[in-house]
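Here's the structure, in structure tokens; my notes come after.
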There are 2 protein chains.
Amino acid sequence: MAAYSGRGLHGHIVETIGGRILDGTYAPGQTVHPDELERELDVSKTVVREALRVLASKGLVDSRPKRGTFVRPRSEWSLLDASLLRWQRRGAPDRRFLADLAEVRAIIEPAGARLAATRRTEADLAAMREALAVLAEPGADASAVIEADLRFHRALLAAAHNELMGRLEVVVEAGLRERDRIVHSGERWPDAVPAHRAVLDAVAAGDPAGAAAAVESLLEQASTDLAHAAGGEAGPHARNSGARNSGDSAAG
Amino acid sequence: MAAYSGRGLHGHIVETIGGRILDGTYAPGQTVHPDELERELDVSKTVVREALRVLASKGLVDSRPKRGTFVRPRSEWSLLDASLLRWQRRGAPDRRFLADLAEVRAIIEPAGARLAATRRTEADLAAMREALAVLAEPGADASAVIEADLRFHRALLAAAHNELMGRLEVVVEAGLRERDRIVHSGERWPDAVPAHRAVLDAVAAGDPAGAAAAVESLLEQASTDLAHAAGGEAGPHARNSGARNSGDSAAG
DNA sequence: GGCGCATTAATTATGCAAAAATCTTGACGG
DNA sequence: CCGTCAAGATTTTTGCATAATTAATGCGCC
């Protein structure tokens, strides 16, 4: 179901341990004991070791002889990995991370739309139109709408015909699903359709500036809706106000 | 040495097989035979299996009973993974990929600088100053300059204090190293220092627009230098002219 | 006689346990 | 202070058993 071979026992163990690291059950610096895991999860050493190897490749853990396996600092995690973004969503919604997600989307997607307006093929437009059609359907259920929404944004990035830009869909997907989890009422997005249509029209017309502006407006609207639903700070581009780290020495 | 536990035999095998997939030795759709690999590389079943498991988590391969292990289509690869970007550089320089890399950098870095101008701390500025100082040293050798250059851009992204933005350093690093591999003459970047200094000054002054503009100008200069060194098409933002895919139906 | 379907069988990945080899680390002695 | 050595743990190896999936085969049906 997932991106890779998430089948079988192995994938389940990887997800379990990875999830525990992401949600803080295993904190950075803490050592992970493979034998405890194999007893608790009732699997063999091999499976645990393979799982830890995969997690090591994602920067989550590191194993050194005589010292054991320990969780690496969060700054070393490959947060752009699709699995990590998925596991991150399993825990409690982190407002800070949500804001980061939205911020990156606000950078990536308008730029992607700008490129897409120049490079889109007829197939790209067809994909976007299909997604929009589902999005506009009156009697569509929530999950179908979410998937169509995701398909639309995916198609938009793909239309930029930049391989790396296309891979940034992981960020878009994470942001989209996170938002849907918060508002989680499937039927109050009738006003999202015109905004999406504006994006499609600008891209189809080959208008880079218009496409970028349309996406910005779309994200802005989604942001206000989100802030309204979450009841947090108001305003479309509201941030965690002020210094994000300690000791902001900005002088204006 | 690398991002994760690249130590030991296992990491070597992962890199070997992964490199072969990225350079086309193992083409998408082709089946990979674990027993042949364990004979050829002279390792046990377990090591090959663990390596393939890691590669599966990066979307490079998929294993299914009765069908064997086969290379997945390139569109499924997690190209934002640090390892994959590194392995990609091992092969012949791909102009298309290089252009994609530069294009994404041109989107990410100015936006990052814009945020950094607002949120940078004194520690961020100190890190950038240190890197710039090394960059400006008269007698520094090539590798030291490259590392300092990379440190500067890393510090810039970190100063945006957006966790995901910071992770996009993998793209910046790939682009930077790829460029350095092409021009590969260590001592013709004296003119890169002023451009970097302009970025630092704008960020320190808390000038978002100025910081973004400075980065754009920096990337533009690097792009012209690259085009000049590679002898390809001229112009700073030169692209592969026209439709990137088949059947561009743009009417605008 | 050709076609569709369920059953069977073969092939492959997957999981497990135990033992050997290799390396790191810390201590001891020169 | 440095080199050697020993202890400990991890990594690696080996062999085998199990499970899952696909392809083929045989049957009944149109």
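A note on names: the letters A, B, ... follow the listed sequences, proteins ahead of strands, and every chain is numbered from 1.
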State whether [X] and [Y] are salt-bridged, where the test is any N-O pair (Lys NZ or Arg NE/NH1/NH2 against Asp/Glu carboxylate O) under 4.0 Å.
{"X": "B/Glu103", "Y": "A/Arg119", "value": "yes"}
{"X": "B/Arg177", "Y": "B/Glu147", "value": "yes"}
{"X": "B/Arg95", "Y": "B/Asp100", "value": "no"}

Exercise. Closest to the B/Lys66 side chain: C/dA10, D/dA20, C/dG15?
Worked result: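 My answer, after comparing the listed nucleotides, is C/dA10.
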
Whole-Å distance separating the [atom1] atom of [X] from the [atom2] atom of [N]:
{"X": "A/Asp35", "N": "C/dA18", "atom1": "CG", "atom2": "P", "result": "14 Å"}
{"X": "B/Arg39", "N": "D/dT14", "atom1": "CZ", "atom2": "C1'", "result": "16 Å"}
{"X": "A/Asp42", "N": "C/dC16", "atom1": "CG", "atom2": "C1'", "result": "11 Å"}
{"X": "B/Glu38", "N": "C/dA13", "atom1": "CD", "atom2": "C1'", "result": "13 Å"}
{"X": "A/Phe70", "N": "D/dA9", "atom1": "CZ", "atom2": "C1'", "result": "15 Å"}
{"X": "A/His33", "N": "D/dA9", "atom1": "NE2", "atom2": "P", "result": "12 Å"}
{"X": "A/Leu52", "N": "D/dT12", "atom1": "CG", "atom2": "P", "result": "13 Å"}

For this session: Determine: side-chain N/O of B/Arg67 to OP1/OP2 of C/dA10, distance under 4.0 Å, yes or no.
Result: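 No, because none of the side-chain N or O atoms of B/Arg67 sits under 4.0 Å from OP1 or OP2 of C/dA10.
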
For this session: Determine: side-chain N/O of B/Ser63 to OP1/OP2 of C/dT12, distance under 4.0 Å, yes or no.
Result: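 Checking C/dT12 against B/Ser63, no side-chain N or O comes under 4.0 Å of OP1 or OP2.
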
For this session: Using a 4.0 Å heavy-atom cut-off across all strands, classify B/Pro34 as base, sugar-phosphate, or nothing.
Result: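 It contacts sugar-phosphate atoms only.
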
Problem set entry | Listed once per pair and sorted, the side chain to side chain donor-acceptor pair (under 3.5 Å) pairs that draw on residues 33-42 of chain A, sequence neighbours left out |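 For residues 33-42 of chain A, and leaving out neighbouring residues, the side chain to side chain donor-acceptor pair (under 3.5 Å) pairs sorted by first residue read A/Arg20-A/Glu40, A/Thr31-A/His33.
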
Problem set entry | Test item: A/Arg151 side-chain N/O and A/Ala127 main-chain N/O as donor-acceptor pair under 3.5 Å | no

Problem set entry | Test item: B/Trp77 side-chain N/O and B/Arg72 main-chain N/O as donor-acceptor pair under 3.5 Å | yes

For this session: Mind running a 4.0 Å heavy-atom check of residues 43-50 of chain A against DNA chain C and sending the residues that fall below it, in number order?
Result: A/Val43, A/Ser44, A/Thr46, A/Val47

Exercise. Does atom CZ of B/Arg90 have more than 12 heavy-atom neighbours, drawn from other residues, nucleotides or ligands, at distances under 6.0 Å?
Worked result: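 12 or below, so no.
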
